[in-house]
Colleague: 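I am attaching a structure below and will ask some questions about it afterwards.
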There are 2 protein chains.
Amino acid sequence: MRKAPLPGHASLADVAARAGVSTATVSRVLNGTAAVAQDALQRVQRACRELNYVPNGAARALSSRRTRTIGAVVPSIENAGFAVAIGALQRWLVTSGYTLIVASSDYDPAVELREVSLLMSRGIDGLLLVGGEHHPDLVPMLEQQELPFIETWTLSDAHACVGFDNVAAARQLTDYLLDLGHVDIGVIAGRMLHNDRAASRVAGVRQALEARGLKLPTEWMIERPYRILEGRLAMKAMLARRLRPTAVICGNDQLAFGALIEAQASGLSVPDDMSITGFNDLDFAAYLDPPLTTVSVPADQIGVIAGEYLLGRADGKPVLRVNEVLTKLIVRASTAPPCSQR
Amino acid sequence: MRKAPLPGHASLADVAARAGVSTATVSRVLNGTAAVAQDALQRVQRACRELNYVPNGAARALSSRRTRTIGAVVPSIENAGFAVAIGALQRWLVTSGYTLIVASSDYDPAVELREVSLLMSRGIDGLLLVGGEHHPDLVPMLEQQELPFIETWTLSDAHACVGFDNVAAARQLTDYLLDLGHVDIGVIAGRMLHNDRAASRVAGVRQALEARGLKLPTEWMIERPYRILEGRLAMKAMLARRLRPTAVICGNDQLAFGALIEAQASGLSVPDDMSITGFNDLDFAAYLDPPLTTVSVPADQIGVIAGEYLLGRADGKPVLRVNEVLTKLIVRASTAPPCSQR
DNA sequence: GTTAAAAATGTAAGCGCTTACATAAAGAGG
DNA sequence: CCTCTTTATGTAAGCGCTTACATTTTTAAC
């Protein structure tokens, strides 16, 4: 049941026939897997052009057992950090002829598991995951199918990873505040359920505090989704407490943004009356009033390194299991010593 | 060369053998394409579970001639609007078992063409594009391969589309400013080269102006990439002019943000000394000081409708070629009548 | 009980590539 | 000029599914 030789949908066999060579030779030209004589090569290229030949990826994947596709499942593609990493990853992959499938898990391990299953049945050669906290069936499934994967935004001692130590980063930020003289420090964290990065950051704050004999009071610890509005609400709640902290560490820049405007709306001066910090150093952080002290995270590097790892694995090349990227404390004007110190 | 019956990598034939049925029956169970007896169905499901069966998407795509994958090529996945649309599209697709491949063109038609070629050769059943301005070879290529595609963020009279009339939206915004009494209106536009949305918005401003016998002076028309910093620079340049406008229309919220802080840094009061508007109504727009007057765009709707269209086409169902979504003028506090009017 | 129609299942031919392996052509060495 | 490599090309067997078609089993109708 050979199809009619329409100009569209030409197969490799059509190209071979037109170029007067075998399908094997055409395949060699297309993939550069073996030397082909000059004239044959040109005849094949010409035939491809004339027939508007578009390779059939499914057939190629089936016979070569490589899909040339990488999957990425992130909590939310709308999150600027993940979007940047995804963008960097894709731009890197395309230089090797790979495509990228993306999916969002909405911070739900069950959804993440389903998405990964779908990607696997669709066919991928590698997978990018965020964080180290997954559905219990996820990693066994990946290992059982021998699918290379890498965890991002975290450092793992079990799996391949590219990221940073969230605990240490938060500790550094807290130490900076402590060194400034702050003692009463509050936290507006992201939701910690199914988000080990958020949880680690809070743990880092606690560690730094405890190292100086301080504690994080329950009433100064508020947990909210990563949104500007939620930051406002959280700050409003915090300011309603009997005592208020002199510095508030926020889980990310959005929460900090919201916290900042709410503090100002309540008549507080930042940083004079209260210091506020963010995390991620998104584009707007430098332009808030006052400019936000935060921690920059090289999301693009994370994406690229994940790509290098995954393609390396796909090609059987040696790769590093653990890839640490550097975060940096960006001190701007939203932090200062507490009133009492001046 | 039958592979060893490892627990991983079981094929449909392995499942069939274990369940004591033919491969056709297994396929029917998996796809629900035909009725299967109760007991056979259960035996098959059990066998799948026991063998950890994962379907081979390449084989499925090859024989069924459907990849169950949609492609999306946007200018930049880092752009919040596109990220939202992509997220909404993916969440919609997954409910039908479809996956999404994404790629960024960086506002370059040549790159867009390459990305689309790559996606086509990898195999997709439909394609989302942004805007109506492409490389001349792009649409012919899609039509020749009979690949369903839809243009987004724009309305087209030639192709399928989901979006809005950028000219009309900008006109509405400008009319609002004109009604407020502004006569001296400047524009900080996004780069118009290879971005018909940006160009259309400027055209809309011009139309509204001309309808009242006004013009957009060259020195009040600045074109910059969509970034906060660029907005600052643009405003700085505009304020350096001999005469300054009483209102500045910015191509998007980022430019408006930058313009706003630069105006304030120069000692201007917004909106008293100058009105400023944005476009898109991103999350931060409502929280700027003053809150930004802008135009909201339902990016999530665009993504979902694009998904409906593409899946509809893939299933041969009737679909609407033109899908208009509604933008809305969001009046906040960054706009007011000009000084002279008060 | 017989027969026709409906329902369930099986058979096997591809889908369009890649890639061992076989074969032929072209150089190299003596 | 003939054999031995080396290089270029062809042959054909899958890759793991779907699906038209054939066959068998069940159910319904009379």
Side-chain angles (χ1 to χ4, degrees), chain A residues 1-6 8-44 47-48 51-68 97 120-123 125 145, chain B residues 1-6 8-44 47-48 51-68 97 120-123 125 145:
Chain A
M1 188 173 76
R2 209 68 253 297
K3 84 213 132 321
L6 294 164
H9 306 305
S11 76
L12 183 141
D14 297 330
V15 174
R18 179 167 251 258
V21 297
S22 70
T23 59
T25 297
V26 176
S27 177
R28 287 179 190 117
V29 171
L30 263 32
N31 300 301
T33 42
V36 168
Q38 268 300 313
D39 61 328
L41 188 143
Q42 290 178 345
R43 273 179 0 246
V44 168
C48 285
L51 294 173
N52 288 310
Y53 174 65
V54 174
N56 181 313
R60 198 215 286 254
L62 181 58
S63 63
S64 68
R65 298 151 159 292
R66 307 181 104 217
T67 58
R68 292 166 174 280
M120 285 178 69
S121 65
R122 160 63 175 66
D125 294 342
Q145 296 288 324
Chain B
M1 189 171 74
R2 207 69 254 296
K3 83 213 129 322
L6 295 163
H9 307 306
S11 75
L12 182 141
D14 297 329
V15 174
R18 179 167 251 258
V21 298
S22 70
T23 59
T25 298
V26 176
S27 177
R28 288 178 189 117
V29 170
L30 263 32
N31 299 300
T33 41
V36 168
Q38 268 301 313
D39 64 327
L41 188 144
Q42 290 178 345
R43 273 178 1 243
V44 169
C48 285
L51 294 173
N52 288 310
Y53 174 65
V54 174
N56 181 313
R60 197 215 286 255
L62 181 57
S63 63
S64 68
R65 297 153 161 292
R66 306 181 108 219
T67 59
R68 294 167 174 278
M120 286 177 69
S121 66
R122 189 66 66 257
D125 295 341
Q145 296 288 325

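Everything quoted here is computed from the prediction, not taken from an experiment. Letters A, B, ... are given to chains in the order of the sequence lines, protein chains preceding strands, and every chain is numbered from 1.
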Colleague: How far apart are the closest heavy atoms of B:R122 and A:G97, and which atoms are they?
Modeller: NH2-O, 2.6 Å
Colleague: Is the phosphate of C:dC15 approached by B:R65 (side-chain N or O, under 4.0 Å from OP1 or OP2)?
Modeller: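 No, B:R65 has no side-chain N/O under 4.0 Å of OP1/OP2 on C:dC15.
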Colleague: Is A:R18 salt-bridged to A:D14, going by a charged N under 4.0 Å from an acidic O?
Modeller: no
Colleague: Does A:N31 place a side-chain N or O at less than 4.0 Å from the phosphate oxygens OP1/OP2 of C:dT18?
Modeller: yes
Colleague: Under 4.0 Å between a side-chain N/O of A:S22 and OP1 or OP2 of D:dT11, yes or no?
Modeller: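 Checking A:S22 against D:dT11: no side-chain N or O falls below 4.0 Å of OP1 or OP2.
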Colleague: Can you find a heavy atom in the side chain of B:D39 that is under 4.5 Å from one in the side chain of B:R43?
Modeller: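 They are in side-chain contact.
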Colleague: Given that B:A40 and A:L30 both sit by DNA chain C, which one's nearest nucleotide is further toward the 5' end?
Modeller: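 Its nearest nucleotide lies further toward 5', so the answer is B:A40.
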Colleague: In whole angstrom, give the distance that lies between atom CG of A:D39 and atom P of C:dA25.
Modeller: 14 Å
Colleague: Counting only side-chain heavy atoms from C-beta out, which of D:dT9, C:dG16, C:dG10 sits nearest to B:T25?
Modeller: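 The nucleotide sitting nearest to the side chain is C:dG10.
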Colleague: Could you work out which one of D:dA8, D:dC17, D:dC15 sits closest to the side chain of B:A59?
Modeller: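 So the side chain of B:A59 is nearest to D:dC17.
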Colleague: I need the CZ-P distance between A:R66 and C:dT18, as an integer number of Å.
Modeller: 12 Å
Colleague: When the distance from CZ of B:R28 to P of C:dT11 is rounded to whole Å, what number comes out?
Modeller: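 In whole Å, C:dT11 P and B:R28 CZ are 11 Å from each other.
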Colleague: Considering only side-chain heavy atoms of A:T23, which listed nucleotide, D:dC15, D:dA12, D:dC17, is closest?
Modeller: D:dA12
Colleague: Taking for each residue the nucleotide of DNA chain C with the nearest heavy atom, is it B:S63 or B:G20 whose nucleotide lies nearer the 5' end?
Modeller: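 Final value for this comparison: B:G20.
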Colleague: Ignoring the backbone of B:A24, work out which of C:dG10, D:dC17, D:dT11 is nearest its side chain.
Modeller: C:dG10
Colleague: With a 3.5 Å distance limit and no angle check, can you tell me whether A:S63 reaches the backbone of A:A59 through a side-chain donor-acceptor pair?
Modeller: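 Such a contact is found between A:S63 side chain and A:A59 backbone.
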Colleague: D:dC17, C:dC17, D:dT18: which one has an atom nearest the side-chain heavy atoms of A:L12?
Modeller: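 In terms of side-chain proximity for A:L12, the closest of D:dC17, C:dC17, D:dT18 is C:dC17.
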Colleague: For the side chain of B:L62, counting heavy atoms from C-beta on, which of D:dT18, C:dC15, D:dC15 is nearest?
Modeller: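 Ranking D:dT18, C:dC15, D:dC15 by closest atom to the B:L62 side chain puts C:dC15 first.
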